[in-house]
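The block underneath contains the structure these notes are about, expressed in structure tokens.
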Amino acid sequence: MLKINDLHYAYGKIQALNGIDLELEEGEIHAVIGANGAGKSTLMNCIAGQLRPQSGEILLDGEKLPGAPHLVVSKGVVLVPEGRQIFHNLTVEENLLMGGYTVKDRAPGVRKAFEMFPRLEERRRQRAGTLSGGEQQMLAIARGLMSNPKILLLDEPSLGLAPLIVNDVMRIIQQINSEGVTVLLVEQNARKALSIARTASVMEQGRVVKTGPAADISKDESVISNYLGKSKSKKSSGEQIVP
Amino acid sequence: MFLQQLINGISVGSVYALLAVGYALIYSLLNFTNFAHAITVTIAAFGCYWFQALITPNLPASLLAGILVAIVMGIFIELFAYRPLLVKKARRLYLMIVGLGVSILCENLMIIVFTGRVRVYPEGFPTDSINIFGASVGLIDLIILVVSVLALVCVELYIEKTRTGLAIRSSAFNLEATALMGVNTNRLILTVFIIAGLLAGIAGTLLGAKYTTYTSLGTYMTNKAFIAAVVGGLGSLPGAVLGALLLGITESFVSAYISTSFRDLFAYIILIVMLLIRPSGLMGKADGDKA
């Protein structure tokens with residue numbers, strides 16, 4: 001469905017993407033794992049049209065994806081960016097309305113979002129900046145779904161969240177996927193990402209070094225030692241310790 | 001005397017508000033001060049004057065013509081002065097410098113073309129005064145007040161109630177994330193310049209009618225409006241209106257009770273005091289790369 005060929009991107013002299021090849025099949029969850037600075041977010045920003053790659057191509061159903069964010073959205077590819085980037089100055093409901101900017105009638109989308117996330121409905125008139133981290137992530141995902149995307153790009157959705165909330169987020173991603181949305185999931189929390197993905201890729205220094213079914217990737221020796229850690233309990237506690 | 005000066009001050013303040021909101025709108029999206037704003041004001045007054053002098057001395061038509069000229073000027077400034085820099089993601093400081101350059105260049109071009117001579121609209125507003133609770137208030141001041149308030153209310157409604165208005169508000173928080181929502185941010189920025197141009201046009205044509213038309217009209221007035229916007233907190237629309245009214249009323253009272261020659265001095269004193277006490281202004285935001 002989405003096919004990336006030999007993608008290169010450099011920030012000035014620093015090469016962030018060094019010939020990325022990636023394929024996303026319709027209906028799947030594809031996880032991209034890798035260390036900090038491997039180029040995962042750069043890849044996402046290139047797909048979303050925020051960054052213009054120096055070379056290579058991004059194809060959606062065989063057609064070149066346009067190079068501007070608003071045009072990418074109109075093709076049904078939506079990025080839920082790293083750090084959520086919800087609009088703190090707007091209410092929860094207004095954030096959802098912004099997500100549906102390209103949709104004519106936004107009321108059904110808002111209703112669906114509130115069905116999926118009852119917590120957001122309770123806080124619909126509240127400023128989004130007052131939400132907790134987990135709620136903000138839910139809002140960011142709900143906002144991304146407002147334009148009825150075919151492909152949802154999720155950049156580090158578990159970042160900075162408590163383990164229990166991370167589980168919620170993963171469950172929601174699965175639910176969204178089961179409703180027919182193809183998901184490209186970038187995560188540092190490799191264990192969680194691999195547990196819900198069908199296929200996965202491993203990125204190192206701007207390159208995809210491994211790709212295949214998630215089950216195989218999570219059994220790979222080097223992936224286990226580099227990204228999953230030896231003891232299961234140690235890594236699965238995520239990035240942040242909860243008080 | 002008091003009431004008269006108060007109404008006078010609010011009237012002047014409402015014109016400052018038109019201009020200050022223009023500054024604030026652009027600042028809220030792009031985090032830089034559009035110093036080319038001045039020229040849109042001047043060119044509106046000249047557009048109005050020349051329309052009357054050359055085509056027809058019909059006042060409403062000439063006001064509309066002047067406003068239209070200002071909008072076109074705003075579009076030109078955005079497309080040819082700022083957009084090339086925005087596309088390159090230039091530092092905000094460079095945008096501000098380009099704006100200053102555009103303003104100085106255009107003002108001097110206008111002096112060359114039109115000379116520094118002061119002009120009076122062939123057909124102006126009535127100069128009558130009316131009596132409100134014993135205060136004698138110029139009809140023109142009331143007209144200016146009503147038109148300015150109406151314009152500001154329309155802009156406020158547009159920003160609060162429409163889809164594009166919501167996008168303007170979201171991009172004031174985060175322009176890049178707004179693009180991810182499917183908003184064509186280039187078009188949104190242009191829209192904001194059109195609104196700012198419209199407000200500058202209204203201010204310029206009204207000022208030309210109240211005072212006279214001269215090449216530094218815009219610079220003089222936008223300096224005041226800029227003070228108002230900074231006092232109110234750059235980037236905040238309610239702040240801009242508040243600062244503008246505060247400035248207008250202060251000026252009016254200083255002129256009446258102290259001396260007209262102290263009027264401008266007080267404007268700058270307010271600015272300096274505000275910057276010393278609260279640099280972000282009454283209702284401003286403070287972060288990031290700004291100019």
Side-chain angles (χ1 to χ4, degrees), chain A residues 11-12 44-45 47-52 66-106 109 127-129 136 139-140 142-149 152-155, chain B residues 24-25 27-31 83-84 86-91 156-192 232-240 280-281 283-288 290:
Chain A
Y11 297 97
M44 293 297 242
N45 290 335
I47 301 172
Q50 279 193 315
L51 299 176
R52 199 152 293 180
H70 67 280
L71 297 176
V72 174
V73 172
S74 69
K75 293 280 176 197
V77 179
V78 168
L79 171 66
V80 177
E82 186 179 358
R84 335 195 207 293
Q85 304 203 13
I86 58 164
F87 304 112
H88 289 214
N89 60 330
L90 304 182
T91 65
V92 168
E93 192 168 9
E94 284 172 335
N95 267 276
L96 293 175
L97 293 176
M98 272 313 295
Y101 187 82
T102 53
V103 181
K104 217 168 204 156
D105 183 12
R106 295 178 285 185
R127 289 205 183 253
Q136 291 193 10
L139 178 57
R143 186 183 66 176
L145 290 172
M146 280 291 296
S147 60
N148 305 315
L152 196 64
L153 311 169
L154 292 161
D155 195 352
Chain B
L25 260 179
Y27 192 92
S28 73
L29 255 70
L30 298 172
N31 281 330
R83 182 158 302 182
L86 286 170
V87 169
K88 283 187 204 149
K89 300 194 196 315
R91 299 266 312 265
E156 173 68 12
L157 284 177
Y158 181 74
I159 288 174
E160 286 299 322
K161 300 289 176 204
T162 66
R163 198 177 281 233
T164 311
L166 182 62
I168 290 174
R169 282 187 288 143
S170 77
S171 49
F173 187 78
N174 189 335
L175 189 62
E176 281 175 8
T178 302
L180 291 177
M181 305 296 110
V183 180
N184 182 344
T185 45
N186 277 338
R187 196 184 296 164
L188 193 71
I189 290 168
L190 191 60
T191 307
V192 167
L234 262 175
S236 157
L237 301 193
S280 60
M283 305 171 96
K285 54 172 190 174
D287 54 54
K290 295 174 170 184

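Throughout, a chain's letter reflects where its sequence line sits, starting with A, and its residues are numbered from 1. All values below were derived from every heavy atom in this structure, side-chain atoms included, with hydrogens, water molecules and symmetry-related copies excluded.
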Closest approach of A/Pro69 and B/Ala179, non-hydrogen atoms and distance? CB-O, 3.7 Å
Which residue out of B/Thr164, B/Leu180, B/Asn174 racks up the most heavy-atom pairs below 4.5 Å with chain A? B/Leu180
Looking only at A/Val72, A/Val103, A/Leu71, the option with the highest number of non-hydrogen pairs under 4.5 Å against chain B is A/Val103
Chain B contact via A/Val77 - side chain, backbone, both or neither, heavy atoms under 4.5 Å: neither
Check each of B/Asn184, B/Asn186, B/Val183 against A/His70 using the side chain to side chain contact (heavy atoms under 4.5 Å, CB included) test, and report the only one that passes. B/Asn184
Chain B interface, residue from A/Gln50, A/Gln85, A/Arg106 that has the most non-hydrogen pairs under 4.5 Å: A/Arg106
Give the intermediate values and the outcome of side chain to side chain contact (heavy atoms under 4.5 Å, CB included) for residues B/Arg169 and A/Glu94. CA-CA 10 Å; B/Arg169 282 187 288 143; A/Glu94 284 172 335; 3.0 Å; yes
Measuring only between side-chain heavy atoms, which start at C-beta, is B/Leu166 closer than 4.5 Å to A/Met98? yes
For the residue pair B/Thr178 and A/Phe87, establish whether any side-chain heavy-atom pair is separated by less than 4.5 Å. yes
Does A/Leu97 offer a backbone N or O that forms a donor-acceptor pair with the side chain of B/Arg163 under 3.5 Å? no
Going by the angle between their ring planes, with limits at 30° and 60°, are A/His88 and B/Phe173 parallel, tilted or perpendicular? parallel
So which atom in A/Leu90 and which in B/Ser170 form the shortest heavy-atom distance, rounded to 0.1 Å? CD1-CB, 3.6 Å
Interchain contact, A/Ile86 with chain B, by part (heavy-atom threshold 4.5 Å): backbone
Is it the case that more than 12 heavy atoms not belonging to B/Glu176 sit under 6.0 Å from its CD atom? no
